[in-house]
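Note that the numbering runs from 1 along the sequence shown for the chain.
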Amino acid sequence: MALKLGEALIKESLITKEQLKSALERQVIFGGRIGTNLVELGILRERELASFLSTYFKVPAVDPSRLVSIDEETISCISRDTAEKYKIVPFRKERNRLFLAMLDPRSMARIDELRFVTGFEIIPHAITELRLLHALEKYYGTERDLRYISIFRKEEAEAEEKRGDESKEKFLKVKEQFANVKEKEEVIGILLSESQKISSRAAVFILQGARLKGWKARGLNVDSVELPVVPNSVFSDVIQRRNYYRGPLLRIPENEALVEILGGTPQDCLLIPIQIREKIIALLYVDNGNVSVMDSGLNYINTLAALCAMSFELVILRRKIIEL
């Protein structure tokens, strides 16, 4: 089967004859499936191999997310001995059907045996040897050789690096958006749009003397809203300290106007001053509703507020240049 699989990979232009030869030579020394050796040599990625196996075996490939948290009832349908013998992991049970991740999903003899042993109709899915051994260790305690563990660590590290590169690229686009705006409304639109990717509600209030006027919001309605900045209120605290506030919104008389807008007291909220040359011109308010906390993103929202301030200043400078 290994050579047939290799030939199929060559036919699909996923590998060359020389690469197959290298993998076969390695297989003789270290064992394991041909696909595993191709992944270990860096010729194929594990997810590319899984996609190919689905085509090769003519069955779906198991979605890796299905293997993250398999319930005990499903796992108990297959004993450890059976799982290790047939190289299978059950990942879903649906009435009289049992969905199995299998190294040999095309083996009808094996499927018939499993149907007899379990009493379930078997729905086979393809899986790579690397991911199957990982699942066997996680759910049945079957120890993996170090070689299989290190491959997954490498793949995870590469995925993390890729996510980091994608985040940097997205952040660069956001900075470019802030740099190219022509109107204040555009600045606020970018700020609110990005803030809502982290929190469910976001609003910007303009500071006018001792009052705050609702400007724009997402997930909230601040149209025609005017709030007094009274001593001891959360607004007053942020303005006086010129620093952000993160925490629960206290239900005190001084915060009552904001509590009414929010429809309650959030367990976790964030209020950030937007400053131009030490002058606070507006406040950004964000939260994740009244009962949920914000898991992450504080530093990003602080950075957005700083970019917003610089973008405002650019808009003002452009207008001054035009008016000269």
Side-chain angles (χ1 to χ4, degrees), residues 1-68 70 78 83-92 97-115 121-138 142 144-163 165-166:
M1 176 185 278
L3 187 57
K4 290 181 180 178
L5 176 67
E7 288 174 345
L9 285 164
I10 292 172
K11 185 178 179 181
E12 292 297 316
S13 300
L14 290 172
I15 64 172
T16 64
K17 290 182 179 180
E18 291 73 21
Q19 288 172 331
L20 175 59
K21 181 181 177 183
S22 297
L24 288 169
E25 289 172 351
R26 193 178 194 285
Q27 186 183 36
V28 171
I29 300 171
F30 297 105
R33 298 227 158 187
I34 190 66
T36 298
N37 284 277
L38 286 165
V39 172
E40 288 177 325
L41 286 169
I43 296 169
L44 284 178
R45 291 182 179 274
E46 191 271 341
R47 60 179 174 273
E48 291 175 329
L49 176 60
S51 177
F52 173 77
L53 290 176
S54 174
T55 303
Y56 180 71
F57 288 123
K58 295 182 173 58
V59 298
V62 63
D63 186 333
S65 64
R66 287 278 190 178
L67 305 175
V68 173
I70 306 173
I78 299 290
E84 291 177 345
K85 176 183 176 182
Y86 291 96
K87 297 294 187 290
I88 57 174
V89 169
F91 63 90
R92 180 182 168 195
R97 300 196 300 171
L98 190 63
F99 294 73
L100 296 182
M102 307 177 63
L103 282 189
D104 295 310
R106 233 175 19 184
S107 173
M108 294 309 299
R110 205 162 267 206
I111 290 172
D112 285 340
E113 286 177 36
L114 289 167
R115 186 183 293 119
E121 182 64 30
I122 302 300
I123 311 297
H125 281 60
I127 189 171
T128 64
E129 181 182 34
L130 288 162
R131 201 165 291 279
L132 179 87
L133 293 176
H134 180 273
L136 283 173
E137 181 181 68
K138 180 174 182 178
T142 306
R144 283 180 293 168
D145 189 280
L146 182 61
R147 65 182 282 205
Y148 300 115
I149 297 173
S150 60
I151 281 292
F152 263 103
R153 284 178 179 167
K154 181 182 176 183
E155 291 246 333
E156 287 165 1
E158 288 176 351
E160 186 63 34
E161 184 179 350
K162 183 180 179 182
R163 282 194 292 270
D165 290 341
E166 289 173 349

Test of understanding: with salt bridge (charged side-chain N to carboxylate O under 4.0 Å, His left out), list the residues that count as partners of D112, not counting sequence neighbours. R115
Contacts of E48 meeting salt bridge (charged side-chain N to carboxylate O under 4.0 Å, His left out) (sequence neighbours excluded), chain-then-number -> none
[X]: side-chain contact (heavy atoms from CB on, under 4.5 Å) partners, not counting sequence neighbours:
X	answer
T16	E18, Q19
E12	L14, F52
S22	L41
E25	K21

Listed partners of T142 passing side chain to side chain donor-acceptor pair (under 3.5 Å), at least two apart: E84
Test your reading of the model: is there a side-chain donor-acceptor pair from K58 to the backbone of R106, 3.5 Å cut-off? no
What I'd like to find out is whether the side chain of [X] reaches to under 4.5 Å of the side chain of [Y], using heavy atoms alone.
X	Y	result
I70	V89	yes
R110	I88	no
I10	K17	yes
F30	E40	no

Do you know which of T36, I34, L44 makes side-chain contact (heavy atoms from CB on, under 4.5 Å) with L49? L44
Rounded to the nearest 0.5 Å, how far apart are [atom1] of [X] and [atom2] of [Y]?
X	Y	atom1	atom2	value
L20	I15	CG	CD1	4.5 Å
N37	Q27	CG	CD	5.5 Å
F57	M102	CZ	CE	9.5 Å

Exactly one candidate in R33, H134, E46 meets side-chain hydrogen bond (donor to acceptor under 3.5 Å, both in side chains) with T128; the answer is E46
To check you understand the geometry: which heavy-atom pair defines the closest contact between [X] and [Y], and what is its length?
X	Y	result
I78	A83	CG2-N, 3.6 Å
A101	I127	CB-CD1, 3.8 Å
A126	V59	N-CG2, 3.7 Å

Could you walk me through whether L114 and L98 pass the side-chain contact (heavy atoms from CB on, under 4.5 Å) test, one step at a time? CA-CA 10 Å; L114 289 167; L98 190 63; over 6 Å; no
For residues 60-67, tabulate all N or O donor-acceptor pairs below 3.5 Å that involve a side-chain atom, not counting sequence neighbours.
from	atom 1	to	atom 2	distance (Å)
D63	OD1	S65	N	3.0
D63	OD1	S65	OG	3.0
D63	OD2	S65	OG	3.3

